[in-house]
Structures are given as structure tokens and as C-alpha cells.
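Worksheet: the structure to be examined is printed underneath.
Computed from a predicted structure; not experimentally measured. Note that ligands are numbered from 1 as they come in the structure, with each ligand's atoms numbered from 1 the same way.
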Amino acid sequence: PAVGGEVGIEELPLRADLRGKSPYGAPQLDVAVRLNTNENPYPPPPELVADVTAAVGAAAAALNRYPDRDAVALRTDLAAYLGAATGVPLTVANLWAANGSNEILQQILQAFGGPGRTALGFEPSYSMHPIIAAGTRTEWLAAPRRADFSIDVDAAAALLRDRAPDVTFLTSPNNPTGQSLEPAELATLIEAAPGLVVVDEAYAEFSDRSSAITLLGTLGHKLLVSRTMSKAFAFAGGRLGYLAAAPAVVDALQLVRLPYHLSALTQAAARAALRHADATLGSVAALRAERERVVSALAAAGYDVVPSDANFVLFGRFADAPRAWRAFLARGVLIRDVGIAGRLRVTIGTPGENDAFLKVAADVARTEV
Ligand code: PMP
């Protein structure tokens, strides 16, 4: 037994509002086909690996010093990438970066949420939004989606006016359901919301729609757009999330960030990875094409498939989703039970992984659907 193992969590003086809660926990299992956390299945190309290695090596020579606290060079590079991708002339003052977009979202709620304040999301959506709200003691308001998981924009706008949350989360494309919102719909919701609106664009590169960043010029006083290098950039292990917003928002986040939160190694590695954006983002077109193939094959196998604008697909309907999840796992395919009755989520993998998944899916359909 571990030293101190006789002490249970219930014996600790934990905050009352955290008692009985569960941590975020996608199972990390050693299975042949892992399609459960929406990563890019393609490892970074060898030139990128060599560049990251060299950049990290150079940074290692100066590890006795703290890193650039404001990550100016990295934020400048991110501004250039986003500016080119969206046509919006962003500068370093519009960008912020942290250890994954989860840390960005946490900093947003530390600065703009907190005790006595509220945050609202349209569920089902990204499970970390309410968890980060709980950690920052921001009261969570769950708002509904339609039965098909889309957002009723008029009803949602009325709700935002009525509930007036301090922070609203709009996830587009939405995880785990896959649909995205058009800029005009986003604008309607942002205009209706009296507080700030965070558009979580973790999967933006996979989407056909233009980014909420195109609205920053007119709605920058209340719009924050979060992004990540974890998905399209094939950099989940590197932990780099970023934000595009008005410079004043970036100033506000600096009040809550820990000093030197982004290590010199992370900054160097992310900059090197960004220099290869064309190569890594080249996989996005292939993954989108594979997504369409997976959607058609699932439908042909008798599944009900939710239309997706991301690198994952929600499908069903299972008589018992947890049991169906175990049936996939028993056949060597790890997918995700996101807690939606009758549905499971699969990440789009390589063609070989998708073939393996579809073969099992056809099999599982016979007993579980
Ligand atoms: N937002 C959404 C919608 C996500 O799905 C994820 C990853 N699952 C994140 C944010 C956070 O990703 P990261 O911290 O790796 O940037």
C-alpha cells in the first residue's frame, strides 16, 4: 500500500463544492485502435520532429533562466498563422497562449468568472467547461440543444438575454456532437449575450465555416476565441492552446496567469511546429474525406449518424451505449462513451484504423443497435 494510503478523500478538508465530483477521465488504454480523444492520427512528419528537437536543444542550453513570461515570439507566430487563415490582421497584442486550450479556458474563468458569477453552455458539449467552472467556483448554467443537437438560435438568444451569464461558451464545431455555427448565428448570440462569449474553436481547421475570429473587428468587446494545436496541428503532446481576442482581454488574462506558465521548451517546440503548419495541416483534407467515408459506411451499416464538421462522429442508436462501448473495446477498438444515451463518439483515424473500426462497427450493429 502507498504511504498515506489509509487517508480517504472524504477525510480531507476538501471544498464542499468539490466533494463527490469526478475528474476528467478519458480512459488511456493500450488498445490497437485508439479513436477516443480526437487527436490527429498522423504523427508529425520527420522534418518537424527534427526541427522541434533542434529548437528544444537550443532552448535547453538556457534552462537556468526563466522563459519569456509573455511568450512574445510564439504569440507573434500564432498571430501570423491565424491572420493568414482568417484574413483578420491580428497582432501579438491579440494573442495569448497557454498549456492547452484547457488552461486558456481556466484563465478566462479565473479572470471573468468566479464566486458570485455564472457561466453558461449548451449541452451536450465539451465536458471540461463545467469542470473548469467548478474549479473556479463559477456557477454553471446548463442550457439545452435541440433533440438533433443543433442550437435553436432564437431560443438561445432569448435565454442569454434572460439569464445574462457572465460568460457563455459556444463550442463550434461542438464536441461531442460535431455541428458548427455560422458566423451570422454566432453574431446573433454574441449580440444577445450581455456578458462575454467564448467561442471554443478547438476543431475549427476541420470545419467548412469561417471562424468567429472574423467577428472580432465588430464584437471584440465581448468575444473571445480559443484555439488549440492539439487537434489539426498534431501537437496534443506538446500542450499548446491559444486565444484570439481584443488586447484588453489579453491584459486581463495576464492578471491570473502564473508567472512563466509556458516553459521555454514548450515555446520553442510550438514555434518549430508552427513553421511546419502547411505539412501538418495537410492531413486535415485527408481526415475530412475519411470522415465522409466513415459517415456513409456507418449509415450503410444501419447506424444513425449526427452530421459532423469536425474530426469525430457521434453515432448510434445503441440499446445500451456503455455495453456497446465495451463490445468495441473487446474487439480491439477504443472509442468514447460521452454519456449521451444511445450514442458513442468515434475519432476519425488513418484509413487503416477507420477500416478496422468500420469492420467492428458492422459486427456490433448486429447485436447492439
Ligand atoms: N475544447 C474542446 C471543444 C476540446 O474538445 C478540447 C480537447 N478535447 C479542448 C478544448 C482542450 O484541448 P487542449 O487542452 O488539448 O487544447
Original post:
Can you tell me the protein heavy atom closest to atom 14 (O) of ligand 1 and the distance?
Top reply: Arg239 NH2, 2.9 Å
**OP:** State whether the shortest distance between N or O atoms of Asn102 and N or O atoms of ligand 1 falls below 3.5 angstrom.
**Re:** yes
Original post:
Can an N or O of Ser101 be found at a distance shorter than 3.5 Å from an N or O of ligand 1?
Top reply: yes
Original post:
Is there at least one pair of N or O atoms, one from Thr171 and one from ligand 1, spaced under 3.5 Å apart?
Top reply: no
**OP:** Identify, for atom 1 (N) of ligand 1, the protein heavy atom at the shortest distance, and state residue, atom and that distance.
**Re:** Asp200 OD2, 2.7 Å
Original post:
Between Arg343 and Asp304, is there a side-chain N and carboxylate O pair less than 4.0 Å apart?
Top reply: yes
**OP:** Answer yes or no for Arg145 and Phe122: cation-pi contact, defined as NZ/CZ to six-membered ring centre under 6.0 Å and angle to ring axis within 45°.
**Re:** no
**OP:** Give yes if a backbone or side-chain nitrogen or oxygen of Ser230 is under 3.5 Å from a nitrogen or oxygen of ligand 1, and no if not.
**Re:** yes
Subject >> Test: Arg146 and Asp148 ion pair at under 4.0 Å >> reply: no
Original post:
Quick one: does Lys231 get an N or O within less than 3.5 Å of an N or O on ligand 1?
Top reply: yes
Original post:
Does even one non-hydrogen atom of Ala202 get within less than 4.0 Å of ligand 1?
Top reply: yes
Original post:
Roughly how far, to the nearest 0.5 Å, is the CG atom of Leu240 from the CD atom of Glu103?
Top reply: 10.0 Å
Subject >> Salt-bridge present (Asp355, Arg293; N to O < 4.0 Å) >> reply: yes
Subject >> Residues Arg275 and Asp51 bridged, charged N to O under 4.0 Å >> reply: yes
